[in-house]
Structures are given as structure tokens and as C-alpha cells.
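Each remark here refers to the structure printed beneath this line.
We count residues from 1, following the sequence as given.
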Amino acid sequence: MSEQSSRKDSDESGQRHSSNRQPSEGASQTSNEPTQPSESSRHSSSLLSQPPAAPAFRVPKSPLDRPQAKAPKVAIPRLPNKGDSAAGGGIKSGGRHRVMHACEPCRSRKTKCSGEKPACRHCQDFKVNCVYADGKRDRAKKAFGSLAEKFADFEAVLKDLSSRVCEEDAILIKTLLEKDVVSTYGDSQGAGDALREVDGVSEASGEESDASAGVGSTGAVDRIEEDFNRNEAARTTGFMGKNSEVTWLQKLRQETKFGSPTDRDSETEFRKKTGGFSAHDSSYHLDDFSISVPEAIDRFEIPPRETADLLFNAYLESVHPSFPIIGKITFSSQYRKFMEGTSANPGERWLAILNMIFAIGAKYAHLVQAGWRGDERDHLLYFSRARLLSMNGNTLFNHPDLQQVQVSGLIAFYLMATSQINRAWAIGGTAVRAAIALGLNMRNESARTPDTSKEIRYRVWWSLYGLEHLLGMMTGRPTGLSDEACTTPLPAPMDEDAFQSQQALSLLSTDMQRNARYPGRLYRSPNTSATTTSVPDRSRSSSKPSSASRSPSAPQHLDLEWARNVPPSTSLYFLHHILLTRISQSVLNKLYTPAAMQTSWSQIQMVISEHDRRIAKWHSNLPSIFDFKRKQRDQNYLHLRMCLGFLYYGTRIIVHRPCLCRLDRKIPHQSAKSQGFNRASAASCIEAAREMLQMLPDEPNAVGLNRIGPWSCILHHLMQATVVLLLELSLRSCHMPEEAEDIFDVTKKAVRWLYSLGEESYSARRAWALCNEMFREAAPKIGREVDNLPEQPPGPLDQPSYSNPRSATSEHSPAMGGPMLMPNILQSGENFTVMQSDLATMAAFAGYDEYISYSGGERSTSFFPTSTDMEFIYSEPPQPDGYPDHGGGV
């Protein structure tokens, strides 16, 4: 109101001045005429002399009465100030000098600054150093630039940490890094509009964020749809989880006959009409075969020396690198002394371990068709002896010891190798529990136990860890392991015969066990916080790792620098085998547990992406000698490369398996980004199956595969790849339509390999029968017909008689020789080749574990030899009721 009134007053005063100037102007122009006011002038002056009255209404004026338009106002420039040129930025306004930015001394003295640069007048008068600091805008620009640099540094650090923290923190970091920064929109609504890109679907509001994790191919893992106690057949197979290839095959058979459900209502109806397909009908394992012990068997009988050496060497070459559950040097020394007759009276558990080694070696010899192999039922005979020696009626009630852990682990491995999966899983669980009862899952800092002995025990634990995980993958059941409760150092990448070297002593040291070899340094297990870096020890200071080990910039823990300079060995292979096994265990815990059903599908996608990166990082750290993707002339480690390759591709299959289904039907309105991820993940699953089969030659050779591959679980890996390819064919190759022909050919190759393995394996015959049927039904869906494949099952038509193994009296095969009791004097060890070529004396290396027991005499109160030659302590001759022992472990 004040501005309007002042503007009105100025206009009225302007009109008065203009009316007063008009006569003078007229006089100047016509000085001869009289100066009389006009009529309009008189009217105007009368109006000015009277106060204005507000009219009742407005009367429009004639165009002739309208005043002439005024000329526009012209801005009058200000006169330049003397100090403007020097002050730079100062302006003259109303006679006062304004400075846009004062110098720092004037600001501190709170005096008016003249604004001259480089020094104002006040600073010149007081002889003070004049400094002009940055203004608010300049400071804001610099602060913004500094924040941008810090943001880039933080982002780089978070990316580096995402591979070292626990899964939950890694997902949180990934979500934060992928979050869009809103900088060009005034509100969140505008930013949300920018996210809508393809098909009008928002990337942030796609249905994958609301869809349950159960929409994937794994389905609902939090329930069972079958009564596994209804009959004997159901109990022999038992529950099979969603990550088992048996469940995949069961679902494939169901969907091939009845189709696949697309929503929850149809899924309920689908379960009602598919109740006829049980897990037992889709299982290729041999749990329905009995393994009863024959009545007439001598548990103390042993094979001849020549056969025993062959069986012992077969075990060490084919099993021990991946399953070092015994101390190779210690047990080999004890074995030689026992077979040479220089020692007697071993404990029953030691004999059980030896018989299990013979049983596994006999099974392997039969699969590779060794010329010295005996009867196909010899392995069951050795197993029966070990069972009588170690698992009698009182075993379940005895307190566990290290030898009992080893026996149980060997029995579980043997049952797995003979396709007795359900029994193997049960026995393996008892071995794991006994090992935990002995503290094998924890780091050992006992001052009485040497580092070499600790390492033997660490390998016992990691052997059980790998076996338990493998059985969990095969059965789809949760394992009895918890990475959070495990502080056992990772296996040292040095073989036992090199334990006395300087490099090995450094790797076996307590400092390395606490820091570099601590399992949490490399790949943290699920649900482990980033601050959980050690376990309680006797002292708080000794339990915490050094700051260097916790530093994100310490590459030795992430890049396995401590294991890079060691020479290639079976122990180095075992280290990388365990590292990959830990990743596989994390996959099972995050994708195939009921807890995963509580998350959304978008979170499942992040878990898949993270584990795929971890697998790729594991392969990048793999030594070149063990790289299964490279063509190498070296054949010394071919067996180890094949084992790592099958485990690698099997792990990638279970990582991407949840996406191998029609997710476009289950989540119809998902974002374009989610659709692309699902398709790429499904393609990765199929590609992993193809690459696994590409490791094999086109012409099947079962004997050769059992020699160079993981013979004890090779059928499991082949079934993983075959069922994945069959699933894609049954889906009409919707994920990789351009590769349909190649997928068909690779599946055909897989069926041929199953047929070849079925010549000597009854479980492989079952697997071939199931896959051959599904292959013939799936091929027409892509317009192909199956030809050039056998239609009759491989091998003999009769099944092996596991329930009636031969008795001891019938053991007279050429390879086995006659029956033989424990001798006092045996032939010399000319044919004995176990670790003798590079060792001066076997006894010198037998002292690695002073607590490993051989003898178990009844009157022997302890067995703790102190000399390095590991002299055996004997007791009185065995009593008729057996050979009691104290179970020290070997």
C-alpha cells in the first residue's frame, strides 16, 4: 500500500509540473500573442484545486478527450565513482560505497572495508596483510567438489568391501550403490517418473519387488508335499530338497505330464493331480538295496600283502587329495610296520580305518577295471569287517574320539561312492557331530600339540566339511555345519612330506592360523557381521587380528597372496577346493532354505548376482596349473583339474537354477531390467551345464572318466547338467531359442555318457532310464526326434546282490589270494611304493602327530610317544573278544 500511494503521489506531482510548464512553453514559441489560459487549462486547474470525489460509476471518455501517450522513462546512468575501478565489485548507491565482499582483517575488526584489491585502504593504513577469502558461492562450489571426490572414494571402497563382508551387508552395499541420485528433479515424484523407461513400467515399482522368492524354479522350500514315512520305499529315499537333482527330475516328470502351474490357485490344483510322482520314483540312488552284514565273517582277516598295497595305493591316488581325513605319512608308516610284521596288536578302530581304505580302493578298482581287481563284491566284504570293528552295539553310547571320527567319515564316503546317499547323509552327520564334540571346528592353540599335528586335525575337519556339503547338495537337505561357528584355519597348501621346510613352518605357524588362514578373511559366510573377525581366545589381545589384517587395502587376504608362491601340490588343490565349497555352502544357505521364502524376488536376484561374482573371483585366483578351462599338456594334475571343474560348474548351476523357469508368466508385470536379469541367469545355468559336458570327449569312455574325474560323485554332477538341459528342452528352449539345436546335441551326449557309465554302475543305469525317457518326450517340443540312441538298458539285466556279500571262506579270487590273518612276519616291502621314493625314512615323518594311536592294548594306559621315530607301544596279545583301543586318531 505504501508503494502504491507513493507511486500515485509522484504521478500527480508530475501532472502539476507539466501543466505549469505549458504556458511558458507557449510563450516561448509565440511571444506576440497574449498569454491566456485555454479552457482545458482552466478546467484542469479547477480540478486540482478541489479534492477528488469518487464517481458513482465510470463514464467512458471520447477518444478526443483522451490525453496523449507519455514518452517512456529513460534510466539515468549513475556517475562513475572514483574507487570503482580499484575496488572492483564496489558500487555507488545513494552516496554510499557498497562492497560485495570484505577482506578478512576488516571482517575480524568489524570495520567497513573499502573493497580495493589487492589491498583495501584500511589495511594499507594499518599496514596489515589484506586477504580476501572465498565467498559463500565459492566455498559452496569447493565443498561440492570435495564431496564429489569423497563420494567417488567411498563408492570405490564400498565396491571393494562388498566381496569381503557378509551376504546381508553385501546386498545392502549393492543396493546403495545402485540407487539413483536425484539431482535434476525438484521432488521425488519427478525422480520416480524418470525411472519409468520401458513399457511404462517403473524400475523401482516392478512386481519383482513384491513377488515372493517362491516364484522361482525352486518353488516353496518351506514345506513338503509327501509323507516320507508312509512306506518302506518312501523311507529309503527320504526327503529330497529343492537343490537336489532328484527333485528337479521329479518336477520335470510332473510338468511333462501335467504342465506347469502359472499362479497360486493352479499350483494348488497342480499338487493335487501330481501326487502320483514321489521322490522315490525319480531317484536313481541305491538306498533301497540292503547292506546287511553276513553271519559268517572274520573281522580280523586281511588280504595278502600284494593286494593290500594295491588297494592302499589306489585309495591314496584317487581319494586322499580331495578327502585327506587321515594323516598320510603317519598312517603309511603304521601300515608298513603292520604289514611287515614288525608290530602287532593294533586297535580295532585302526583296523576299521584300514578296512575302509581297502573297501574304497576295491570299489575304485572295479570301476576303472584294474587288472588286479577282485570280485565285484569285495568292497562290501571290507566294509562289513570295518562295520563290525567300529560300529557294534556299544558304539553309539561311547564318547567320540578322533579315530571314531575318521572311521565314520570313511564309512560315509564309501556309502556315497556306492550310491547309498540316504545312509551316507546319516552317518556323515554323526561324524560331524563327533568332530564338533572334539573341537575340530575351532582353532587349536594348545601348547602341548605341535603345529604339524594341528594341521592334520584341521584337514580332518575340512574333509568332513566338504563331504557334508556334497551330501547336502545331493540330497537337498540342510547340512549340520555353521560357518559362523567355525574358526578352523584353512588348509595349509603344503603336502605332509614338506612340513619340515621353512616355507611350510611359516604357513603352519600360529600367527598364520590366526590371521591369513582364518576362514573369515576370504569369503565371509552368511549372517556374519563385518565386525566378527575372530573367536574368543585365552587373551583378548591374541584373539583380535591386527589392524593390517582388517584393513580394506590389505590384498593378501583377498587375493591369497600367502598361497601364491607355494609350489603346486595336492594340498594347494585341496585349499581351493575348500574355498569353492564354502561358496557353494553359502549358496545353499541363501537360496534353498525356508528363510529365503521370506524375501522378495528382487532380493533373490541380488543374491544370485553376488554369488556369481564370488565364483568368478574364485576362478580368477585359481593357479594356472589347476585351471580347468585352459588346455594344458601337463597331465600330472589332470585329475585335480577335472574335480575342480565339475564342482565349479555344479556350483554355477545351483546359483542360477532359480531362474530356469517361466518367470515371465509368474511375474507378468516385472520391470525390463528384471526380465533381462532372469533371462541372462537362466542362460548362465544352461551354459554351465553345457560347459560341464564339454569337459568330456564326444565318445563316451566310462573307465577313463572314472580314472581322471571325481569318480565317487561323478554321476551326481552329470545328472545336474543333464536335468538342466532337459528342463530347457521341456520349456521349448525359451531362454536360448537360438541355441536349441546345440542344447539338443549336448543333451544327447549326456544321455550317451549315462549309458556308458551304466555298464558298470547300477545307479547309472537307473539314471539313464529316467533321462532317456524324459529326453524322448522333450525332443518333439523343439521339433526334433531322438535317433541313434540305444533303447535297451546297459549292462546285465540282473541287479547286484548287496544283501549277500561273500563270506570269508569264499575269498579265493586270484587278486585276493587266500584268507589271511594278522601276521607276525610277512614278506618284505619290495612292492610297497607309498611315499618311499622321496623320503629318507618313513619313521622320521611319523612323529607329526604324537597323539595318533596305533595300538590299543587293554593294559596300555596311554599312547603318547615322544620320539620322532614313532616307536609303537605294544601290549599283551589280543584277547579273543577283540582288540580294545583308546582311539587316538591317525
Side-chain angles (χ1 to χ4, degrees), residues 198-199 201 206-208 211 213-219 242-243 245 247-256 259-263 587 591-592 601-602 604-609 611-613 615-616 648-694 718-751 771 774-775 777-784:
V198 183
D199 298 334
V201 179
E207 286 191 359
E208 68 273 8
V215 299
S217 64
T218 56
K242 299 297 182 180
N243 56 283
E245 68 275 8
T247 303
W248 301 351
L249 192 58
Q250 178 187 7
K251 186 175 182 179
L252 174 61
R253 299 179 68 193
Q254 291 174 346
E255 295 186 356
T256 300
S260 59
T262 57
D263 52 42
V587 174
L591 293 178
Y592 296 93
W601 178 248
S602 60
I604 293 296
Q605 290 176 328
M606 288 189 290
V607 173
I608 293 174
S609 178
H611 282 85
D612 189 63
R613 287 194 295 268
I615 295 173
Y648 169 83
Y649 292 120
T651 304
R652 291 202 66 201
I653 286 175
I654 64 172
V655 167
H656 297 283
R657 174 67 179 90
C659 292
L660 190 61
C661 62
R662 296 302 301 268
L663 286 169
D664 53 341
R665 296 180 179 178
K666 298 180 179 181
I667 315 178
H669 300 295
Q670 60 181 324
S671 63
K673 181 180 179 180
S674 177
Q675 292 177 354
F677 178 89
N678 296 339
R679 180 176 292 273
S681 181
S684 297
C685 182
I686 300 167
E687 191 63 27
R690 294 166 64 185
E691 291 179 355
M692 179 189 292
L693 293 170
Q694 288 174 1
L718 287 181
M719 285 298 290
Q720 273 187 315
T722 306
V723 176
V724 164
L725 297 175
L726 290 173
L727 284 168
E728 179 63 9
L729 292 178
S730 67
L731 295 174
R732 304 182 186 276
S733 191
C734 63
H735 300 101
M736 302 180 69
E738 68 283 355
E739 301 290 338
E741 291 293 329
D742 184 71
I743 294 175
F744 175 84
D745 294 337
V746 176
T747 309
K748 192 175 183 178
K749 174 183 176 180
V751 175
C771 293
M774 291 294 99
F775 184 45
E777 293 183 5
K781 295 184 178 181
I782 61 170
R784 294 294 301 270

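- Every residue two or more places apart in sequence or in another chain was checked for a side-chain hydrogen bond (donor to acceptor under 3.5 Å, both in side chains) with T747, and none qualifies.
- A search for side-chain hydrogen bond (donor to acceptor under 3.5 Å, both in side chains) contacts involving E728 returns H735, not counting sequence neighbours.
- Here the straight-line distance linking atom CZ of F775 with atom OG1 of T722 works out to 10.0 Å at 0.5 Å rounding.
- For the atom pair M736 CE and L731 CG, the distance stands at 13.5 Å (nearest 0.5 Å).
- In this structure, I604 CD1 and S681 OG are separated by 11.0 Å, a value rounded to the nearest 0.5 Å.
- The minimum heavy-atom distance between P658 and L663, with the atom names listed, is O-CD1, 4.5 Å.
- Scored by the salt bridge (charged side-chain N to carboxylate O under 4.0 Å, His left out) test, R732 finds no partners at all (sequence neighbours excluded).
- Atom-to-atom distance recorded for Q720:CD and R657:CZ is 10.5 Å, nearest 0.5 angstrom.
- Under the 3.5 Å distance criterion, the side-chain polar atoms of Y592 are matched with a main-chain donor or acceptor of I654.
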- Task: Mind running side chain to side chain contact (heavy atoms under 4.5 Å, CB included) on L660 and W248 for me, showing each step along the way?
- Result: CA-CA 11 Å; L660 190 61; W248 301 351; over 6 Å; no

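- Residues R679 and C734 share a closest heavy-atom pair of NH1-O, 2.9 Å.
- Legend: residues meeting side-chain hydrogen bond (donor to acceptor under 3.5 Å, both in side chains) with N678, ordered by chain and number and at least two apart, are W601, Q605, Q670.
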- Worked verdict on L729 versus R784 for side chain to side chain contact (heavy atoms under 4.5 Å, CB included): CA-CA 10 Å; L729 292 178; R784 294 294 301 270; over 6 Å; no

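- Among residues two or more places apart in sequence or in another chain, the side-chain hydrogen bond (donor to acceptor under 3.5 Å, both in side chains) test is passed with Q694 by none.
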Mind listing the side-chain donor-acceptor pairs of residues 684-693 below 3.5 Å, one per line with the distance, residues two or more places apart or on another chain?
{"residue": "S684", "atom": "OG", "partner": "A680", "partner atom": "O", "Å": "3.0"}
{"residue": "E687", "atom": "OE1", "partner": "R690", "partner atom": "NH1", "Å": "3.2"}
{"residue": "R690", "atom": "NE", "partner": "D742", "partner atom": "OD2", "Å": "2.9"}
{"residue": "R690", "atom": "NH2", "partner": "E739", "partner atom": "OE1", "Å": "3.4"}
{"residue": "R690", "atom": "NH2", "partner": "D742", "partner atom": "OD2", "Å": "2.4"}

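- Judged as a ring pair (Phe, Tyr, Trp, His ring centres under 6.0 Å), and not counting sequence neighbours, F677 has no contacts.
- Listed by chain and number, the residues in a side chain to side chain contact (heavy atoms under 4.5 Å, CB included) with R613 are K174, S609, E610 (sequence neighbours excluded).
- Rounding to the nearest 0.5 angstrom, the gap separating the CD atom in E777 from the OG atom in S730 is 10.5 Å.
- The two residues L725 and V746 make their nearest non-hydrogen contact at CD1-CG1, 3.6 Å.
- Taken from CG in L726 to CZ in R253, the straight-line distance is 12.0 Å, to the nearest 0.5 Å.
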- Start with the C-alpha gap between K781 and S733, add the side-chain angles, then the distance that decides, and say whether side chain to side chain contact (heavy atoms under 4.5 Å, CB included) holds. CA-CA 9 Å; K781 295 184 178 181; S733 191; over 6 Å; no

